[in-house]
Amino acid sequence: MILTSSGDDAMNLYEIDNVSKVFRNRTVLSIDKLVLEQGRIYAILGPNGAGKTTLLRILNLLDRPDTGDIRFMGSLFTPGFRSWEISRRMCMVFQRPLMFKTTVYNNIAYGLKLRKYSRRQIDKTVRETLDFVGMTDFMHYPALKLSGGEMQRVALARALVTRPEVLLLDEPTANLDPHSVQIIEEIVRKHHEEYGTSVVVVTHNLFQARRMADEVILLVNGELVEQADAAIFFDNPRDERSRAFLDGTMVY
Ligand SMILES: Nc1ncnc2c1ncn2[C@@H]1O[C@H](COP(=O)(O)OP(=O)(O)OP(=O)(O)O)[C@@H](O)[C@H]1O
Ligand SMILES: [Mg+2]
């Protein structure tokens, strides 16, 4: 669903100010300022433990930061505040998708049932989405029996079926073969183009970031090292640490 009022169009998707997250006395995320615009694809890169998943969970309003403010489409979220009305406009696909112990169809229908769609609406939307991700043949299959790549497609379908304005993807193609990677990227791109969905994708796959992202954000040790247009980031990064990260010579 795209925003209707013209006033919203100029609004930033997210604005983050002085956000930090501490686990067991260790600051794992500390971001002074981050602005994400609507309708773009962002890739978040960074070494293991850099805080990428932590940031994504905060963007999804799933976890509270210990300090700082988050604005989503102009609405301010102080730590701890969560609104179902706002959360339903975002959808996150997790690093390890959990399937419900039921059919592929029911897994995808779940979010629509929660939103009190009618049976007819649910059936129509689920079938459209299955088709969108190329999983129609698996409709009545038990989701837990799917292969990793198939499961990832169902996880994506489960997110897309609710037509989120923002899609937050945490390593959606880790462990997938090149063809499955291509399928997932294509699904995300198609959704982005058809519905104007904003996308934030965490990935260790630099080729994927280059293929998909308009902008790249590099996190190292919980800090935002660089945010730049993808072409600039990959060809001519400003920060020494970005260069080292891309070269594979970063020491951490
Ligand atoms: N619930 C938690 N409790 C304690 N420590 C945590 C928790 N979640 C994350 N951390 C720590 O915070 C740091 C950042 O974790 P995070 O999962 O955000 O990293 P990441 O960038 O997603 O790494 P990866 O690439 O390995 O997925 C890590 O050092 C991790 O151990
Ligand atoms: Mg992670």
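Counting starts at 1 for both ligands and their atoms, in listed order. Everything quoted here is computed from the prediction, not taken from an experiment.
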Exercise for the section: Flag T53 as yes if one of its N/O/S atoms falls below 2.8 Å of the Mg ion (ligand 2), otherwise no. Expected result: yes
Handout entry: Amino acids contacting ligand 1, non-hydrogen cut-off under 4.0 Å
Key = F23, R26, V28, P47, N48, G49, A50, G51, K52, T53, T54, Q95, E171, H204
Problem - side chain to side chain contact (heavy atoms under 4.5 Å, CB included), paired with L219, selected from I31, T54, L45 - result: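 Single side chain to side chain contact (heavy atoms under 4.5 Å, CB included) partner of L219 among I31, T54, L45: I31.
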Completion exercise
What one should report as the nearest heavy-atom pair of V225 and S242 is CG1-OG, 3.8 Å
Practice task
Only counting residues at least two apart or in another chain, list the ones meeting side chain to side chain donor-acceptor pair (under 3.5 Å) with H192.
Solution key: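 H192 satisfies side chain to side chain donor-acceptor pair (under 3.5 Å) with no other residue.
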Exercise for the section: Say whether, by atom type as modelled, one donor and one acceptor occur between the side chain of T67 and the main chain of N18 under 3.5 angstrom. Expected result: yes
Less than 3.5 Å apart, which donor and acceptor atoms pair up between the side chains of residues 94-108 and the rest of the protein, not counting sequence neighbours?
{"from": "Q95", "atom 1": "OE1", "to": "T53", "atom 2": "OG1", "distance (Å)": "3.2"}
{"from": "Q95", "atom 1": "NE2", "to": "E171", "atom 2": "OE2", "distance (Å)": "2.9"}
{"from": "T102", "atom 1": "OG1", "to": "N106", "atom 2": "ND2", "distance (Å)": "2.9"}
{"from": "T103", "atom 1": "OG1", "to": "N106", "atom 2": "N", "distance (Å)": "3.1"}
{"from": "T103", "atom 1": "OG1", "to": "N106", "atom 2": "ND2", "distance (Å)": "3.3"}
{"from": "Y105", "atom 1": "OH", "to": "D123", "atom 2": "OD1", "distance (Å)": "2.5"}
{"from": "N107", "atom 1": "OD1", "to": "F100", "atom 2": "N", "distance (Å)": "2.8"}
{"from": "N107", "atom 1": "OD1", "to": "R158", "atom 2": "NH1", "distance (Å)": "3.0"}
{"from": "N107", "atom 1": "ND2", "to": "F100", "atom 2": "O", "distance (Å)": "3.0"}
{"from": "N107", "atom 1": "ND2", "to": "T103", "atom 2": "O", "distance (Å)": "3.0"}

Completion exercise
Those residues at least two apart in sequence (or on a different chain) that pass ring pair (Phe, Tyr, Trp, His ring centres under 6.0 Å) with F233 are none
